Amino acid sequence: MFALIDGNHFYCSCERVFRPDLKTRPVVVLSNNDGCVVSRTPEAKALGIKMGVPYYQIAHLEQHAGLVVFSSNYALYSHLSHHMMHSIASLVPRTEVYSIDECFADVSGLNQLPELALQLRERVWQWVGIPCCVGIAPTKTLAKFCNHLAKKHASLRGSVVWPQWRTDIQQRALRSEDVSEIWGVGRKLSTRLHAINIHSAWDLHCADTTTLRRLFGVTLERTQRELQGIACLDWENQPAAKQSIVCSRSFQSQVTSLDDLRAALSHHVQSAVHKLRQERGCCQYLRVFAASNRFRDDLPQYYGHQGSFLAQPCDDTLQLHQLAQQQLQQVFQAGIAYKRCGVELGHIHPKHIQQLDWIANASIKQRPELMQAWDSIKRKYGDKHLYLASEGLGTDAWKMRQQHRSPQYTTAFQDILVIPN
DNA sequence: TCTGGGGTCCTAGGACCC
DNA sequence: TCTGGGGTCCTAGGACCC
């Protein structure tokens with residue numbers, strides 16, 4: 001039996017933890033670079049703000065409807081996420097963190113599931129201040145579905161326990177939801193399903209399995225079985241080792257000079273390789289890309305990229321940085337207005353298991369002690385105090401726009417909340 | 001003027017093997 | 001004129017997730 005616990009409009013709720021005055025106000029959180037809406041409270045939803053809508057289209061609501069806007073503050077969200085997962089783990093034998101705002105919990109063999117659901121919600125609320133909903137069912141897909149129902153219908157009081165429902169109620173619930181609400185059925189798939197008369201979740205539940213398999217493949221067959229209560233997705237005991245790491249950002253304004261691109265890329269390489277070392281991995285592939293603004297039809301469009309393999313797995317920032325900058329040179333074309341660039345590290349292997357190249361003689365210079373020192377300085381003093389000089393080249397045009405960011409209440413001493421007398 | 005940033009899995013088809 | 005059958009590995013592209 002699986003429980004799925006999901007924080008309600010998580011990023012907004014994180015902001016509200018330290019701003020109780022916003023409890024009933026419409027709040028949204030924007031994507032990086034203050035681009036578009038990625039989290040919204042029910043009050044913001046009621047204003048007609050859709051998910052993913054660009055900020056400039058709703059900015060007027062700050063003036064006219066009391067909308068409160070935040071830039072994303074990942075330091076805050078990931079820290080509160082940690083606390084939330086810890087609170088959940090204190091009540092159940094096993095958890096599997098699925099994303100920053102949701103987690104599966106193993107409730108097999110436990111009695112009084114409705115009471116447990118209530119307890120989970122209350123504990124997260126009391127310990128962390130995040131409201132959440134709980135869905136409990138015999139498969140992960142159904143648990144997600146129950147969670148969805150719990151969020152949608154206030155009358156369910158934040159939790160749905162599938163086995164407690166009579167069969168006809170379960171059926172009615174499946175009939176009431178479009179197939180696109182099911183986990184694993186996205187936009188394309190639901191369009192194709194509608195075309196063959198599969199509209200509701202119940203239609204998918206009842207569809208002919210062989211046809212489904214033939215037309216849509218094994219993934220959707222699994223989804224159907226899960227809807228029928230046959231578990232196809234098991235617990236993931238270990239978080240899988242990453243196969244690739246990507247770091248990229250949009251620029252606050254257009255960038256045309258190689259120096260600005262160099263600076264941005266330098267920044268991204270440093271974070272990507274830092275993540276790589278935290279994974280205890282080494283990569284053997286590196287790709288650099290830079291792109292124009294895809295929304296500007298009036299400007300020349302460009303997506304340039306260049307990747308290459310290394311003779312030897314590597315986790316050395318300086319080496320990878322040098323290679324990335326060489327590749328950028330190939331990618332760069334004058335006369336393009338760039339809006340985004342980034343780096344991808346691929347073919348990642350565990351650091352302690354390495355296949356060396358016995359033909360290529362060139363061994364890549366690596367400096368483990370230097371990298372260790374680098375990482376510990378970053379850990380101790382934060383990100384801003386140590387970086388490669390090339391990051392300081394050029395202008396600030398490549399940096400991120402973050403005009404509405406809240407303080408890092410829980411992770412920076414200078415941002416600790418002060419409550420006046 | 002202004003539109004995010006990560007990831008994974010599956011499949012079809014081509015190249016190759018015996 | 002007529003040309004098998006069974007496999008693996010790799011990659012690109014398409015779909016999905018948050």
Side-chain angles (χ1 to χ4, degrees), chain A residues 4 6-7 9-11 28-39 49-60 62 69-74 77-78 81 96-104 140-141 144 147-148 179-193 213-223 226 232-233 236 239-254 264 267-268 271-272 275-276 279 285 287 289 291-299 305 307 309 337 339-348 397 400-404:
Chain A
L4 191 267
D6 188 325
H9 37 273
F10 184 72
Y11 295 171
V28 296
V29 172
L30 303 176
S31 61
N32 276 326
N33 216 28
D34 293 349
C36 46
V37 172
V38 293
S39 177
I49 299 173
K50 301 258 184 293
M51 198 66 161
V53 72
Y55 170 51
Y56 69 90
Q57 290 178 7
I58 55 146
H60 62 281
E62 289 177 275
V69 174
F70 288 98
S71 304
S72 30
N73 182 348
Y74 288 104
Y77 310 152
S78 50
S81 167
E96 178 191 319
V97 175
Y98 177 68
S99 74
I100 191 163
D101 67 338
E102 59 190 297
C103 122
F104 288 104
K140 284 183 167 180
T141 305
K144 290 274 277 188
N147 188 287
H148 165 74
V179 67
S180 58
E181 296 297 344
I182 298 301
W183 188 37
V185 181
R187 211 176 28 202
K188 300 269 176 152
L189 221 44
S190 53
T191 310
R192 286 173 62 202
L193 286 167
R213 170 70 179 253
R214 183 167 47 83
L215 293 178
F216 300 97
V218 68
T219 322
L220 194 65
E221 181 184 341
R222 273 187 212 135
T223 299
E226 286 250 320
C232 301
L233 304 171
E236 311 266 339
K242 281 203 194 314
Q243 299 175 32
S244 63
I245 292 171
V246 177
C247 282
S248 77
R249 289 284 181 279
S250 296
F251 311 134
Q252 58 173 291
S253 47
Q254 286 172 0
H267 183 83
H268 300 327
S271 13
K275 284 184 194 174
L276 180 67
E279 280 269 311
Y285 176 78
R287 191 174 70 97
F289 56 92
S292 58
N293 186 342
R294 65 199 164 101
F295 294 101
R296 292 290 298 268
D297 306 333
D298 53 323
L299 296 177
H305 63 113
F309 287 91
K339 183 62 180 169
R340 203 167 99 93
C341 81
V343 63
E344 171 189 355
L345 307 177
H347 287 248
I348 296 176
M400 236 195 321
R401 193 181 307 126
Q402 280 199 317
Q403 284 171 349
H404 312 271

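Lettering follows sequence order; numbering is per chain, from 1. Side chains are part of it too, since the values below use all heavy atoms of this structure and drop only hydrogens, waters and symmetry mates. Since the model is a prediction, treat every value here as computed from it, not as a measurement.
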Minimal non-hydrogen separation, A/S72 against A/S31, with atom names =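 The pair with the smallest heavy-atom distance is OG-C, 3.6 Å.
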Taking 4.0 Å as the cut-off, does a side-chain nitrogen or oxygen of [X] come that near to OP1 or OP2 on [N]?
{"X": "A/R294", "N": "B/dG4", "value": "yes"}
{"X": "A/S244", "N": "B/dT8", "value": "yes"}
{"X": "A/K242", "N": "B/dT8", "value": "no"}
{"X": "A/S250", "N": "B/dG5", "value": "yes"}
{"X": "A/K144", "N": "C/dC18", "value": "yes"}
{"X": "A/Q243", "N": "B/dC9", "value": "yes"}
{"X": "A/R222", "N": "B/dC10", "value": "yes"}
{"X": "A/S248", "N": "B/dG6", "value": "yes"}

Is there a donor-acceptor pair under 3.5 Å between the side chain of A/D6 and the backbone N or O of A/N147?
-> no
Ignoring hydrogens and angles, tell me if any N or O in the side chain of A/E279 forms a donor-acceptor pair with the backbone of A/K242 under 3.5 Å.
-> yes
Check ion pair A/E226-A/K144 (N to O, under 4.0 angstrom) | no
Is A/D101 touching bases, backbone alone, or none of the nucleic acid, heavy atoms closer than 4.0 Å?
->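 Sugar-phosphate contact only.
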Taking atom P of B/dT1 as reference, at what distance in whole Å does atom NE2 of A/H60 sit?
->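 So the NE2-P distance, A/H60 to B/dT1, works out to 18 Å.
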Between A/R340 (CZ) and B/dC2 (C1'), how many Å, whole number?
->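 After rounding, the reported distance stands at 17 Å.
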Salt bridge (charged side-chain N to carboxylate O under 4.0 Å, His left out) filter on A/R294, not counting sequence neighbours, yields none
Starting from the 5' end of DNA chain B, give me the residue, A/F216 or A/Y74, whose nearest nucleotide shows up first.
-> A/Y74
Per nearest nucleotide of DNA chain B, the residue lying toward the 5' end, A/C247 or A/Y55, is A/Y55
Please list every stem that involves DNA chain C, where a stem is a run of 3 or more consecutive Watson-Crick or G-U wobble pairs with both pairing distances under 3.5 Å.
->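 Paired runs of 3+ in DNA chain C: B:5-18 with C:5-18.
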